[in-house]
Structure formats: structure tokens, C-alpha cells
Amino acid sequence: MGLISFLKSAGEKVFGKSEETLEKEKAEAIVKLLQKYGVSTELIQVSVDDEKVILTGTTQSASEKNKIIVIAGNVNGISEVEDKITVLEPEPVIVEVEKQFYTVKSGDYLSKISKRVYGDAMKYNIIFEANRPMLKHPDKIYPGQVLIIPPLED
């Protein structure tokens, strides 16, 4: 649990053209986006406070929780996600929080990120698969986008 920062001006545009969109409408738009990407929102509550999304509720796994955080944060107009999600069945692999996510920088591509985090550029597909369906192609990432970096399985 904690606060994760995102680039406000990057991400999917789901709020419409008006900056004045009500926070309740923003929360509903984020719920629809989660559903679009196949995430169950039955046990997740979403609220928006200015540029911050607050996520509460429960998920079955840490990987599902991370996917929810990344989808909600990679929305144009959102700069922070406050994570209050509880994992029902914690996964045995403990990953340091700062290594669960990676913010794409200009000039990055998945194999370059894979080389940096795993020491092997050919493991880029692990990152790609962990970020599907938000990523539709391994070459289509953009600066400011936050990606899930899953742990390597032995």
C-alpha cells in the first residue's frame, strides 16, 4: 500500500475534453477502463480527488493489484494513485516496491528496459505479457508510461 506517482500528461484519454469533469465521472471512467482491460471491478472501489485516484478493496493476487494500479495511473490527467488494495492471497515472491514499476523514459524500448532490470534484453516479453492488454505491441510504449515489472521465476 502506498502512493505511486504517474505523469499527468501521459496516458489514455478517458475523461473527455473538459478539465471540469466531475470527480465521480472520472472515477466511473476509470472503472470502465479497468473493465475494458478485463479487470474485475466487483471488489474494487475507485474514487478521484483532483489528480489522484484512490483505489480500495481486495484482489486475488499481487499481479492483479499491480495491473489495476498501472491501468488507473496511466490515464491522462492522473498524477498519483493511492493504493489501499488488500491482496487476499499474497504471492510467495516478495518484490521491493520500487522494482514493481518502471516509468518509461525517452529512448526506452522493452528490450532495453529488460536488460536494465533483468540483465537480459531477451526477457522483454515477460514485461510485455505482464502489461497486456494495456500494451498491444512490444514496440508501442511512450515516455511517462508506467509499466509493471514482474519478478523472474526461478
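Treat the numbers as computed from the prediction; the structure is a model and nothing was measured.
Using a 4.5 Å heavy-atom threshold, the side chains of Leu110 and Leu147 count as touching. Side-chain atoms of Val75 and Val53, non-hydrogen and from C-beta on, never get closer than 4.5 Å to each other. The shortest side-chain heavy-atom distance between Ile126 and Ser114 does not fall under the 4.5 Å cut-off. Side-chain contact between Ile149 and Ile113 is present, with heavy atoms from C-beta onward closer than 4.5 Å.
When every heavy atom of Val87 is checked against every heavy atom of Ala62, the shortest pair comes out as CG1-N, 3.7 Å. Minimum interatomic distance between Gly107 and Lys112 (heavy atoms only, all atoms of both residues): O-NZ, 3.5 Å. Scanning all heavy atoms of the two residues, the minimum distance from Ile30 to Ala72 falls at CG2-CB, 3.9 Å.
In this structure, the side-chain hydrogen bond (donor to acceptor under 3.5 Å, both in side chains) partners of Asp108, at least two apart in sequence or on a different chain, are Tyr102. Partners of Lys67 under the salt bridge (Lys or Arg N to Asp or Glu O under 4.0 Å) rule, at least two apart in sequence or in another chain, do not exist in this structure. Listed by chain and residue number, Lys52 satisfy the side-chain hydrogen bond (donor to acceptor under 3.5 Å, both in side chains) test with Glu82 (two or more places apart in sequence, or in another chain). Residues satisfying the side-chain hydrogen bond (donor to acceptor under 3.5 Å, both in side chains) test with Lys115, not counting sequence neighbours, are none.
Within the structure, side chain to side chain donor-acceptor pair (under 3.5 Å) pairs that include any residue of residues 27-51 comprise Lys8-Glu51, Glu12-Lys36, Glu12-Tyr37, Gln35-Thr41, Gln45-Thr56, Glu51-Ser79 (at least two apart or interchain). Identified under the side chain to side chain donor-acceptor pair (under 3.5 Å) test for residues 119-142, with sequence neighbours left out: none.
Here the straight-line distance linking atom CD1 of Ile78 with atom CG of Asn76 works out to 9.0 Å at 0.5 Å rounding. The distance from the CD1 atom of Ile44 to the CD1 atom of Ile85 is 4.0 Å, given to the nearest 0.5 Å. Rounding to the nearest 0.5 Å gives a distance of 6.5 Å between NZ of Lys84 and CD1 of Ile54. Atom-to-atom distance recorded for Asn74:CG and Thr103:OG1 is 8.5 Å, nearest 0.5 angstrom.
Linking Ile, Leu, Val, Met, Phe, Trp and Tyr whenever their side-chain heavy atoms come within less than 4.5 Å leaves Leu43 and Val46 in two separate clusters.
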